[in-house]
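In this chain, residues are counted from 1 in sequence order.
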Amino acid sequence: MSIVRIALDVPLPRLFDYLAPDATADDIGYRVSVPFGNSSKTGVIVDWTASSDQPVEKLKAATAILRDMPRLPADWLAMCEFCARYYQAPLGEVMALALPPMLRRGKLPRVMRAKKSEGAVPAVPKGDCPETDSKLRGVPKGDLLRGVSPAPPSDGLKTFSLPELLSAQHAAVGRIIATADFQTFLLHGVTGSGKTEVYLRSIAAVLAQGGQALMLVPEIALTPQLEGRVRARFPQARIVVANSSIGDATRARGFLEALNGQADIVLGTRLAIFIPLPCLRLIIVDEEHDASFKQQEGLRYSARDLAIWRAHQQGCPIVLGSATPSLETYHHARSGRYQLLELPQRAVAIAPPVVRTVDTRREKLQEGLSVALLAGLEQRLARGEQSLLFLNRRGYAPVLACPACGWISHCLRCAANLVVHLADKRLRCHHCGFEAVIPPACPDCGNIDVQPFGRGTQRLESTLAARLPQARILRIDRDSANTARKWQALLATIHAGEADILIGTQMLAKGHDFPLLTLVGVVGADAALFAADFRAPERLFAQLMQVGGRSGRAELPGEVLIQTEYPDHPLYQALIDHDYARFAQSQLDERKTAGFPPFTYQALLRAESPAMVAATDFLTQARAQALPLAGSAVALYDPVPMRMHRLMALERAQLLVESDSRPALQNFLAQWMPQLYSLKKPRTLRWHLDVDPLEF
Ligand code: ADP
Ligand code: ZN
Ligand code: ZN
C-alpha cells in the first residue's frame, strides 16, 4: 500500500489519507491535488505510509502529485507544524496561509513554467546550502566592520565607503556577526540611533558567507524608502520583497526564488516569516513591538514569535530592534534570556527632541488647541519648517448627538458610535463599514440642531485651515491615504517641503524621516492612560516615542508638545526624560502585581453569535468541559461579553485561560482543542482560539 497523508485547507484539526500508488517517502513536501467532496483541492504531502487508520476501501486516490515545484523543505514543514500546534490550528489552514495563493491553488507563476519545460526546477538538497551565484561572498568580516561595502570582487572599483560605525553600533554588529548559533538579541535604540545601519552591516556579513537573511518590518513601514535603502546597499543582491499588496505571480516567484536559494535577502511584513530559506543565517525583526506582527484574524499567529522559533530551529541569530521594545521582549532581555544591545545615542549629531507637556486644565482651549501649541505652529510656519499634529482618531468627530433628546449616532450592527465624516457628509462605522448620510435633523425628536461631538483629524484640519489660512495643511489618515498610491503621493508632498502642517494618525508615526519637521503636537492622547486594556499605556508610550522621533531628524532640533490634563502622569514624565527603561520597569512592576503577561501566559476562547446568550452558553460549556483538564496550573475565568460586545450584528463573548507556565498552558490547550471541536453548538455560532492575544 502507498498512502500519502495530506494537509488540506479544511477547518478540521486532522490530516487526510489518499492512495497514491506512484508515491514514495521522497514525495513529502510536494503539493498534490486530490478529489474532495464534489470538487478537488490542492494540499501538501506531509507524510507517506504503508497503512491507514481508515479502511483502505474508503480511501480515494490522489489525482496528481505536483512535482513541478521543488519540495517544500523539511524545516518549512516543521515550522508550519509548530505553528499549527502552538496556535491550535489545523495544519492545512496554516499551510494555506503560508503558501502564496497561486502556489496554494496548485499553479506556478509563468516564468517558472517556462523553466519546467526545460526540466523541473532543481530542488535544494536537504540541509545543504546551494552555491548561489551571489557575488557577495568572500568579503572578510573585518572589512564589513570597517565600513567597506561588500561590492563584488569582479568589479571591485565600485566599492563605496560607508560611515564609520559608532562604538555602540560597532559592538552590536560585532556581537551579532560573531554568533553562529541561535541567540536572540534585542537591539534597543531610539529612532535615528542607527539600528538600520546595524541590520545592514549584519546582513552584509551573512551575504558575504553565502547565507540568506530575512528582515521583517511592520505593515506600514515597508515603504519604497526602506526598500530603496536596502537595494542601494546591496546592488548585487537578489532581494525578494513580500507584503500583502504584492501581486499573486510576483509573490509566488519570490517564494520560489527564496526556496531555490536564489534570493539573498527577503524583506517583508509578517507573512514573509513563511518564506522558505534554505541558507537562512540571520533574522531581523524591526520595530518588534509593533502590533501588526500579530495577525488579528483567521490564524492568529505572531510573526515575531515564530521568527524566534525559526531562528532557534535554524541555529542562527535573530535581532529584535525597537526604540520601545514590547514588555515581553524587554523582560527577557533584562532576565538574560535575550542579549541586550543598546544604542544609547542618535547616530547623527543632533539632540533628542525636547518633550514638554501643556497643562490643558489651566486654559480654555481654542477648538481643542492650546495657546502654546498654536504659537509653536505659527513659529514653525514663519521659519518655513514643518509641524505635525498627532491625533489618533480619524473622521471629523467621533459621534453625532442631539442636545435636545440625547440621541447619539450609534451603529445598529456594532457596539460603537458612527463617526461623523464631514468631508463627504456621511456617518461611518469604523468597525463594520456601515455608512449613512448625515441626517438633517434628529431621527428621534426632529431637532435640526444635531451636533458633532469631540474631535477627529478632519475637524482639526478645518480648525487649522481657518486659523492659519496661509498654511499648507496635509491630513494623513486611512481616509486620505486609503491606497498605496495616495500614501506615496502624500509622502512625496511632505518630502518636497510642500506641506507646512501635517495632521495624522499613527500612520505617520512609523518609519519615515521628515527632515524639515521640527514640531510634533500631541492631541487627545489622555484617553489611553486609563483604557481598560492593560496594554494601552505600553502602546501609547511607543506611539508617542515614535511620533516624537519624527521631529528634528536633520540639523534642526525638534520639540514635542503634549496637550494633557495629566501632566504629572509617569508615562508623560518618562517621555520628557526619554527614559524608556523607567517606564518599562514601572509597567513591569504593575504587570507582576496584577499577574499579567509577561508574568503569565494567556489564551482567549472567543465566540460570536447573533444572540449573546448562545455565545456565553457555548463558552460556559467549553469551560465545564475544560475544568477537569486544567489542573492546578491553568486558571479558567468566567465567560464575559467582550468590551466591544457586538460587531457586524454578532454578539461576542470571551473566556480567558491563564497560566504561569507556557508548557502547562500549551499542554492544556492541546487536550482541550479536540473536545472543543466536538462540542455541540448552534450553526450560527463561530468560535476561535487566540493564543497570546494582544487585544482584549
Ligand atoms: P534607526 O534605524 O535607528 O532609525 P538609522 O540606521 O536609520 O537609525 O540611522 C539614522 C541616520 O543616521 C541615517 O541617515 C543613517 O544613514 C545615519 N547613520 C547611521 N549610522 C551612522 C554612523 N555610524 N555614522 C553616520 N551616520 C550614520
Ligand atoms: Zn433629538
Ligand atoms: Zn458597525
Side-chain angles (χ1 to χ4, degrees), residues 145 165-203 205-206 213-218 281-291 293 302-312 314-347 352 535 537-539 541-542 545-546 549 571 574-575 577-592 596-599 662 692:
L145 273 175
L165 290 177
L166 300 172
S167 64
Q169 284 176 312
H170 192 277
V173 176
R175 296 262 294 278
I176 295 164
I177 69 179
T179 305
D181 300 323
F182 169 64
Q183 174 66 55
T184 308
F185 293 99
L186 167 58
L187 183 64
H188 179 215
V190 296
T191 306
S193 62
K195 296 185 296 296
T196 308
E197 192 58 43
V198 169
Y199 306 149
L200 295 176
R201 303 286 174 114
S202 307
I203 291 172
V206 160
L214 170 62
M215 180 165 172
L216 301 180
V217 297
R281 295 279 156 72
L282 174 66
I283 304 180
I284 287 158
V285 183
D286 188 30
E287 311 280 12
E288 66 84 28
H289 64 280
D290 195 276
F293 287 121
S302 159
R304 178 201 58 203
D305 295 351
L306 278 183
I308 295 170
W309 184 89
R310 188 170 179 186
H312 178 260
Q314 187 78 18
C316 76
I318 173 168
V319 182
L320 309 177
S322 177
T324 51
S326 68
L327 291 174
E328 282 82 358
T329 297
Y330 190 64
H331 178 60
H332 288 321
R334 292 285 305 275
S335 71
R337 210 166 127 193
Y338 299 169
Q339 282 194 35
L340 182 59
L341 306 171
E342 295 264 12
L343 301 182
Q345 67 199 83
R346 286 191 172 194
R535 282 194 176 86
E538 179 184 357
R539 243 175 262 138
F541 188 87
M545 273 287 271
Q546 214 159 24
L571 188 151
L575 277 169
D577 297 338
H578 305 282
D579 198 343
Y580 165 83
R582 189 175 82 212
F583 170 74
Q585 192 55 54
S586 71
Q587 285 288 307
L588 283 171
D589 291 346
E590 278 180 30
R591 298 253 188 115
K592 188 160 195 175
F596 286 139
F599 302 98
R662 200 196 287 273
D692 305 329

Exercise. Counting distance only, does the side-chain N/O of Tyr580 pair as donor-acceptor with the main-chain N or O of Pro325 below 3.5 Å?
Worked result: yes
For this session: Identify the two heavy atoms, one from Pro537 and one from Leu571, that lie closest to each other, and give their separation to 0.1 Å.
Result: O-CD1, 3.5 Å
Exercise. After noting the C-alpha distance and the side-chain angles of Arg201 and Leu165, does the key distance pass the side-chain contact (heavy atoms from CB on, under 4.5 Å) rule?
Worked result: CA-CA 10 Å; Arg201 303 286 174 114; Leu165 290 177; 3.5 Å; yes
Problem set entry | Check: His188 side chain, Ala323 main-chain N or O, donor-acceptor pair, under 3.5 Å | yes
For this session: Give the minimum heavy-atom separation between Phe182 and Ile318, together with the two atoms involved.
Result: CE1-CG2, 4.2 Å
Exercise. Distance from Gln314 atom CD to Asp181 atom CG, nearest 0.5 Å?
Worked result: 12.0 Å
For this session: Measure the CD-CD distance between Gln183 and Gln339 for me, rounded to the nearest 0.5 Å.
Result: 4.0 Å
Exercise. Considering only heavy atoms from C-beta outward, does the side chain of Phe599 approach that of Leu588 to under 4.5 Å?
Worked result: yes
Exercise. Would you call Pro597 and Arg535 a side-chain contact if the rule is heavy atoms closer than 4.5 Å?
Worked result: yes
Seminar exercise, completed: Shortest non-hydrogen pair, Ala168 vs Glu342, comes out as CB-O, 3.7 Å
Seminar exercise, completed: Tightest non-hydrogen contact, residues Thr324 and Ala542, listed as OG1-CB, 3.3 Å
For this session: Report the distance from atom CG of Leu166 to atom OG of Ser193, rounding to the nearest 0.5 Å.
Result: 9.0 Å
Exercise. Ring centroid separation for His289 and Tyr330, is it under 6.0 angstrom?
Worked result: no
For this session: Output yes when a side-chain donor or acceptor of Lys195 lies under 3.5 Å from a complementary backbone atom of Gly189, and no otherwise.
Result: yes
Exercise. So how far is it from Phe293 CZ to Asp286 CG, rounded to the nearest 0.5 Å?
Worked result: 7.0 Å
Exercise. Could you state the interatomic distance from CZ (Arg582) to CG (Leu575), rounded to the nearest 0.5 Å?
Worked result: 9.5 Å
Problem set entry | Heavy-atom check, side chain of Leu282 versus side chain of Ile176, under 4.5 Å | yes
For this session: Compare all side-chain heavy atoms of Ile283 with those of Arg310 and state whether any distance is below 4.5 angstrom.
Result: yes
For this session: Determine the minimum heavy-atom distance between Phe583 and Ala574, stating which atoms define it.
Result: CB-CB, 3.8 Å
Problem set entry | Min side-chain heavy-atom separation Ile308-Leu320 under 4.5 Å | yes
Exercise. Between the main-chain N or O of Gly194 and the side-chain N or O of Gln169, is there a donor-acceptor pair closer than 3.5 Å?
Worked result: yes
Exercise. So do Asp692 and Arg662 actually touch side chain to side chain, heavy atoms under 4.5 Å?
Worked result: yes
For this session: Using salt bridge (Lys or Arg N to Asp or Glu O under 4.0 Å) as the criterion, point out the one residue from Glu287, Glu328, Glu288 that pairs with Arg304.
Result: Glu288
Exercise. Could you state the interatomic distance from CZ (Phe541) to CD (Gln546), rounded to the nearest 0.5 Å?
Worked result: 11.5 Å
For this session: Measure across Leu216 and Ala303 and return the closest heavy-atom pair with its distance rounded to 0.1 Å.
Result: CD1-O, 4.1 Å
Exercise. Side-chain contact, heavy-atom cut-off 4.5 Å: Val190 with His578?
Worked result: no
